[in-house]
Novice: 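This is the structure I have questions about; it appears just below.
Throughout, residue positions are numbered sequentially from 1 according to the sequence presented.
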Amino acid sequence: AARTGTWVILDGIDKLRSDTLTSLALLMETGIGVLPDGSRFQASGNFKCIAIGHPPTEKSWITPETKPMFHWIEAEALPTDELRAILMQMFPSLKRKVLNKLLTLQEKLDNITVDGVAEKESLQLSMRKMKHICRRAEQRPSELGDIVHNTLMTSFLPDWERGIIDNASL
C-alpha cells in the first residue's frame with residue numbers, strides 16, 4: 001500500500017512490537033519505509049493509513065516516538081439492545097435463542113475481572129468476532145459452543161480462562 005499509494009487499515013496496532021511501531025512511525029512521518037532486511041523504499045505521496053487499536057494505558061504499548069502519530073477517537077461499546085438489532089439485521093436467519101446466548105456470554109466476558117489487559121483482551125468478543133461467530137452459527141446453530149471456542153482460540157488459553165467460556169452454558 002505504501003509503495004502503490006493506496007489505503008491500509010491496521011487493525012490491532014496495539015499488538016505490534018515496539019520496533020515495528022518505530023518503523024511505522026518513520027514511514028508515516030518521512031515517507032521512508034525500512035524493511036527487516038535493512039532495505040529502504042520511498043512511499044507514494046497518496047499512501048494513507050488507518051490504525052485501530054486499544055487506547056494506551058499505564059503499561060502502554062505506545063512509545064514516545066510513536067505517540068505523535070495518533071489521534072484518538074474513542075468508540076463506546078454498543079448497548080446490548082443495539083448490538084442485538086444490528087446482528088439480527090446482518091444475520092436474519094440466525095436463531096434468536098443462539099444470538100441471546102452469545103450476547104449473554106459477551107456481557108459475562110465484559111464484566112469479568114482479570115489481572116492484566118492481555119488476559120482481558122483474550123476474553124473479549126469484539127464486533128468482528130461476534131460477526132464471525134454469527135456467520136458460522138447461522139449455518140450450524142447447534143455448534144455454538146465449538147464456534148465460540150474456535151473464534152476465541154481457547155485451546156491456547158490457560159485452563160481458568162477456558163473454564164470461563166465452558167461455564168457460560170453455550
Side-chain angles (χ1 to χ4, degrees), residues 1-78 83 86-87 90 102 105-137 145-168:
R3 288 180 178 160
T4 61
T6 58
W7 286 76
V8 65
I9 297 175
L10 302 175
D11 189 1
I13 194 165
D14 52 311
K15 293 172 180 64
L16 293 177
R17 293 172 24 160
S18 61
D19 60 335
T20 305
L21 276 173
T22 302
S23 294
L24 183 60
L26 179 67
L27 175 63
M28 300 305 294
E29 290 176 19
T30 66
I32 297 173
V34 181
L35 300 175
D37 66 1
S39 60
R40 295 173 179 258
F41 67 92
Q42 182 68 44
S44 167
N46 294 326
F47 172 63
K48 303 288 184 243
C49 176
I50 296 175
I52 301 170
H54 291 87
T57 60
E58 291 174 17
K59 295 181 181 179
S60 188
W61 55 270
I62 199 163
T63 61
E65 56 267 359
T66 58
K67 193 169 188 169
M69 289 174 42
F70 300 100
H71 301 280
W72 299 102
I73 301 171
E74 194 165 336
E76 295 293 323
L78 289 174
L83 184 57
I86 290 169
L87 291 172
M90 292 177 74
L102 186 58
L105 172 63
Q106 184 199 32
E107 284 182 34
K108 286 180 182 179
L109 295 178
D110 284 349
N111 294 325
I112 196 161
T113 303
V114 292
D115 292 336
V117 174
E119 292 170 345
K120 180 78 171 175
E121 283 182 27
S122 66
L123 293 173
Q124 287 183 325
L125 283 174
S126 64
M127 181 61 144
R128 181 178 57 204
K129 288 178 185 174
M130 296 283 282
K131 287 172 38 183
H132 178 90
I133 292 168
C134 288
R135 188 174 302 115
R136 280 150 185 79
D146 291 337
I147 295 168
V148 168
H149 279 283
N150 288 338
T151 301
L152 293 176
M153 298 189 300
T154 59
S155 60
F156 298 105
L157 297 177
D159 290 340
W160 72 270
E161 289 183 18
R162 192 176 14 220
I164 292 168
I165 307 299
D166 290 335
N167 293 333

Novice: Can you tell me how far the OG1 atom of T151 sits from the CE atom of M130, to the nearest 0.5 Å?
Specialist: 11.0 Å
Novice: I want to check something: taking the side chain as every heavy atom from C-beta on, are C49 and M28 in contact at a cut-off of under 4.5 Å?
Specialist: yes
Novice: Could you give the distance from CD1 (I165) to CG (L109), rounded to the nearest 0.5 Å?
Specialist: 4.5 Å
Novice: Please assess L125 against L152 for the test side-chain contact (heavy atoms from CB on, under 4.5 Å), listing each intermediate value before the final yes or no.
Specialist: CA-CA 8 Å; L125 283 174; L152 293 176; 3.8 Å; yes
Novice: What do the steps show when you test L10 against L24 for side-chain contact (heavy atoms from CB on, under 4.5 Å), and what is the final call?
Specialist: CA-CA 11 Å; L10 302 175; L24 183 60; 3.6 Å; yes
Novice: Just by distance, with hydrogens left out, do R128 and H132 show a side-chain donor and acceptor under 3.5 Å apart?
Specialist: no
Novice: Where do R162 and L157 come nearest, in terms of heavy atoms and distance?
Specialist: NH2-O, 3.4 Å
Novice: Nearest 0.5 Å, what's the CD1-CG distance between I133 and L105?
Specialist: 7.5 Å
Novice: What's the spacing between L27 CG and Q42 CD if we round to 0.5 Å?
Specialist: 9.0 Å
Novice: Could you state the interatomic distance from CD1 (I32) to CZ (F41), rounded to the nearest 0.5 Å?
Specialist: 10.0 Å
Novice: Measure the spacing between CG of L102 and NZ of K129 and express it to the nearest 0.5 Å.
Specialist: 12.0 Å
Novice: Applying side-chain contact (heavy atoms from CB on, under 4.5 Å), run through H149 and D166 and close with a yes or a no.
Specialist: CA-CA 9 Å; H149 279 283; D166 290 335; 2.9 Å; yes
Novice: With a 3.5 Å distance limit and no angle check, can you tell me whether T30 reaches the backbone of L26 through a side-chain donor-acceptor pair?
Specialist: yes
Novice: Please name the pair of heavy atoms, one in R3 and one in S44, separated by the smallest distance, quoted to 0.1 Å.
Specialist: O-CB, 3.7 Å
Novice: Run N150 and R136 through side-chain contact (heavy atoms from CB on, under 4.5 Å) and show every step you take.
Specialist: CA-CA 11 Å; N150 288 338; R136 280 150 185 79; over 6 Å; no
